[in-house]
Amino acid sequence: MSDAPGRDFIRQIIFEDLEAGKHDEIVTRFPPEPNGYLHIGHVMSICLNFGVGEENDGRTFLRYDDTNPGKEKQEYVDAIERDVHWLGFDWGDRLTHASDYFERLYESAEKLIDLGVAYVDDLSAEEIRAYRGTLTEPGKNSPYRDRSVEENMDLFRRMRAGEFEDGTHVLRARIDMASPNMNLRDPTIYRIRHLDHQRTGDTWCIYPMYDYAHGLSDAYEGITHSLCTLEFEDHRPLYDWFLDQLQPEHRPRQIEFSRLNLAYTITSKRKLGLLIENNVVSGWDDPRMPTIAGMRRRGYPALALRDFVKRAGVTKKDKLIEMGALENCVREDLGDIAERRMAVLRPLKVVLTNYPEGQVEMMEAMNHPNNPDMGTREIPFSRELWIEQDDFMEEAPRKFFRLKPGGEVRLRFGYIIKCEDVIKDADGNVIELRCTYDPETRSGAGSSDRKVKGTIHWVSAAHGVPATVRLYDRLFTVPDPNSVDDFMEVLNPDSLETVAATLEPTLADVTGSDPVQFERLGYFCPDSHSHTVDAPVWNRIVTLRDTWARIEKQAMSTA
RNA sequence: UGGGGCGUAGCCAAGUGGUAAGGCAACGGGUUUUGAUCCCGUGAUUCGCAGGUUCGAAUCCUGCCGCCCCAGCCA
């Protein structure tokens, strides 16, 4: 991905428009429908729209496209505002709704009738579909297409007055039933819905369609560039048609770009909703969800998300971006800001047989290896420790430089230890290691400068803080779950693993949700829902790059 | 079979007639008390394919192939 993209095609168009003196100010909008949570795809749109606004000293609206009551909820409205703010963007006083313009939109619809380019159709939904024709065959005109202006006006006003049942009438644009562009075959402008709207209550029983409301709302707000995704490309002639007919003061221009798809995940709000309904995940903000709320709870920094979409770029080519690209951005950001700590996820007991019983030494540990300004902390060291099960192998391959029988390893910020004995249970499982430590090798202060190949992390058994740690993996087993018949068939059964871990004591009273790095394991943060000081729950944000895991995997596949 | 888009390395992406940027991934090597970080190095005789124009083409022309979107009273 381009690190410093010159100017994407949209910014180029805007640049040229500005050069040509077409606008005094650039005005954009981010127009979500409040029918679900925002996801990684929206991050792209948010960054584009607000980014373009900021870069040009322009303005950006946050506008709810709330033209379809029944699908929309206040919960989503609240979540959207929270998410956009969290990403670092501000709409100031430019928070609007398509529903703010219902009266104006209605008046314009009457104007379309006056102009003779809109009519009330009595055909049923099924009939309209049948009359529309197919992709290769032209449609045919509705028998109601040639009603008089007076009759249309009367009917439309009675639609508004609530005289008709849902589905009995629609207002349609009179364009061309034979158009090769399906969107121009007399599209619906208004439909009857006897349904309370979350903002306008029961004021209306007719609601405008997206294609009609969107372009006009853009015009009302003085939007100069209306940026949307590719699937609206062939709606543009219709977008322009309404503007041509009604000649509003401002003339917005719609430009389309490709959606951002992430490998091994889905972004359809409907499908994400199904994951919740089927209890595959715990909610819209489950840390495995590609929603902004989910990624925030997971611990992905807002800056990393912004960096990611910036690197992905703005083009018209379908994208399916590898997870690794996102994870790289997360690691890059966290690597600098996260303090280091030690934690053992899958504990294996180590007893230092030559270490005095009852003795405790405080070891000084750097909070960041590359940034001394972040200070140090003290960690207790004692005779009994936990180390990671993965850091011991009874029959280790040549390149394994962690602990093995008779082998030596450095304990991070501690001593060099040697494995003398392996204790097993009745089933042959390794349950404890008997080791000796070399008192001359104390970290920083040792009188010996001998080195060993490996360094592993540890936590003092007597001082460790028990915690639940949740390890996350991709939700699906295939790169493009959208392309399979049933996405529920390709779920990753191991997307969540919960382990009972032990954390170093400095983590005992953490209350916020700041990310830290558990050395050699990855980045973690307290879970914003479940974590308490008494019962700590941490999320793994992302692992560290793991060259050893790769080597192991290769060895397995060639063996 | 209609219309609208898109095809540059595994994934993104610059490039707009003058001889293929960059990032991620991958692979080598160096530093390292995180097999992390950091540093250095390695990739396209070629831009979906085939012709053509030109001294010269990823860029222009023609034809073909592949992928995506459209038949909601959803957005």
Side-chain angles (χ1 to χ4, degrees), chain A residues 1-8 31-33 35 65 67-68 71 121 123-125 128-130 132-139 166-172 179-185 187-193 207 209-211 213-214 228-237 256 258 260 263 269-270 308 311-329 331-332 335-336 340 342 366 368-370 399-402 410-414 416 441 443-444 451-457 479 517-522 543-551:
Chain A
M1 291 183 260
S2 138
D3 204 11
R7 204 184 263 137
D8 59 65
E33 181 188 16
N35 67 341
D65 236 325
T67 56
N68 191 5
K71 279 195 170 184
D121 198 342
L123 253 28
S124 69
I128 286 179
R129 192 187 321 126
R132 187 153 31 230
T134 69
L135 293 178
T136 53
E137 297 160 323
D166 286 9
T168 55
H169 302 268
V170 289
L171 183 70
R172 290 231 259 170
S179 173
N181 181 344
M182 301 299 287
N183 296 114
L184 264 22
R185 319 248 263 226
T188 303
I189 304 174
Y190 269 91
R191 76 285 215 185
I192 302 172
R193 280 256 203 294
Y207 292 95
M209 298 288 288
Y210 164 86
D211 284 304
H214 200 88
C228 64
T229 42
L230 242 33
E231 66 269 27
F232 293 103
E233 207 152 22
D234 42 40
H235 290 237
R236 193 183 340 125
E256 312 84 12
S258 62
L260 182 162
K269 285 179 187 170
R270 185 185 68 80
F308 170 66
R311 294 190 196 201
V314 180
T315 66
K316 300 189 72 156
K317 189 178 131 183
D318 292 335
K319 304 179 205 300
L320 183 61
I321 301 181
E322 294 169 343
M323 277 282 200
L326 209 203
E327 291 178 341
N328 171 68
C329 293
R331 289 190 191 106
E332 220 169 80
D336 290 336
R340 276 41 341 184
M342 291 203 286
M366 295 206 294
H368 192 114
N370 308 327
K399 286 202 286 188
F400 182 84
F401 39 88
R402 278 116 96 150
R410 160 137 242 141
L411 292 177
R412 178 92 162 140
F413 305 123
I416 291 176
T441 57
S443 184
K451 295 196 184 295
V452 287
K453 186 69 176 163
T455 299
I456 64 173
H457 57 96
Q517 184 194 99
F518 290 173
E519 294 212 27
R520 303 209 308 133
L521 297 175
T543 61
L544 259 28
R545 278 183 74 226
D546 191 347
T547 309
W548 171 247
R550 232 184 294 138
I551 294 168

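By convention in this document, chain letters (A, B, ...) are assigned in the order of the sequence lines, proteins followed by strands, and residues within each chain are numbered from 1.
A gap of 36 Å separates the C1' atoms of B/A9 and B/U1, to the nearest Å. Only the C1' atoms considered, B/C12 is 24 Å distant from B/C49, to the nearest whole Å. Nucleotides B/U33 and B/A25, compared at atom C1', are 29 Å apart to the nearest Å. Separation of the C1' atoms belonging to B/G66 and B/G48 is 7 Å when rounded to the nearest angstrom. Comparing B/U34 with B/C24, their P atoms sit 22 Å apart, to the nearest whole Å. Remark: the separation of the P atoms in B/G22 and B/A14 is 15 Å, to the nearest Å. Using P as the reference atom, B/U19 and B/C6 are 26 Å apart when rounded to the nearest Å. B/G63 and B/C69 have their P atoms separated by 26 Å, given to the nearest Å.
Distance A/His368 NE2 to B/U33 P: 16 Å, rounded to the nearest Å. Atoms NZ (A/Lys317) and C1' (B/G10) sit 12 Å apart, rounded to a whole Å. Atom pair A/Met323:CE and B/C12:P shows a separation of 14 Å (rounding to whole Å applied). In this entry the distance linking CZ of A/Arg410 with C1' of B/G35 reads 17 Å, nearest Å. Between the P atom of B/G4 and the CG atom of A/Leu184 lies a distance of 12 Å, rounded to the nearest Å. Between the CG atom of A/Asp8 and the C1' atom of B/A14 there is a distance of 12 Å, given to the nearest Å. Rounded to whole Å, atom C1' of B/C12 lies 18 Å from atom NZ of A/Lys316.
Note on A/Gly444: a base of the nucleic acid sits closer than 4.0 angstrom, heavy atoms only. A/Phe518 comes within 4.0 angstrom of no nucleic acid atom, judged by non-hydrogen atoms across all strands. Within the 4.0 angstrom heavy-atom criterion, only backbone atoms of the sugar-phosphate kind lie near A/Lys451; the bases stay farther away.
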Original post:
Could you write nucleotides 68-75 of chain B as a row of B, S and -, 5' to 3', where a protein heavy atom under 4.0 Å of any base atom gives B, of only sugar-phosphate atoms gives S, and otherwise -?
Top reply: SBBBSBSB
**OP:** Sugar-phosphate means primed atoms, P, OP1 and OP2; the rest is base. With that split, encode nucleotides 36-41 of chain B 5' to 3' as B, S or - using protein heavy atoms under 4.0 Å.
**Re:** SB----
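When each of A/Lys319 and A/Ile551 is assigned the nucleotide of RNA chain B with its nearest heavy atom, A/Lys319 is the one assigned upstream, toward the 5' end.
You'll find the side chain of A/Val170 stays beyond 4.5 Å of the side chain of A/Met209, heavy atoms only. Within the 4.5 Å cutoff, side-chain heavy atoms of A/Trp548 are placed close to those of A/Arg402.
With sequence neighbours excluded, the residues satisfying side chain to side chain contact (heavy atoms under 4.5 Å, CB included) with A/Glu231 are A/Thr229, A/Arg259. Remark: A/Pro237 engages A/Asn181, A/Leu184 in a side chain to side chain contact (heavy atoms under 4.5 Å, CB included) (not counting sequence neighbours). For A/Arg520, the salt bridge (Lys or Arg N to Asp or Glu O under 4.0 Å) criterion is met by A/Asp391, not counting sequence neighbours.
Contact of A/Arg402 with B/G35 (side chain to base): a donor-acceptor pair of N or O atoms is detected under 3.5 Å. The base of B/G5 lies outside donor-acceptor range of the side chain of A/Glu256, with no N or O pair under 3.5 Å. Side-chain atoms of A/Thr455 stay outside donor-acceptor range of the base of B/U34, with no qualifying N/O pair under 3.5 Å.
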Original post:
So what's the dot-bracket for RNA chain B: Watson-Crick or G-U pairs under 3.5 Å, [ ] if a pair crosses, | if it pairs off-strand?
Top reply: .(((((((.[[[..)..(...]]].(((((.......))))).....[[[[[..)....]]]]])))))).....
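What you find for A/Arg412 and A/His457 is that their closest heavy atoms are CB-CA, 4.4 Å.
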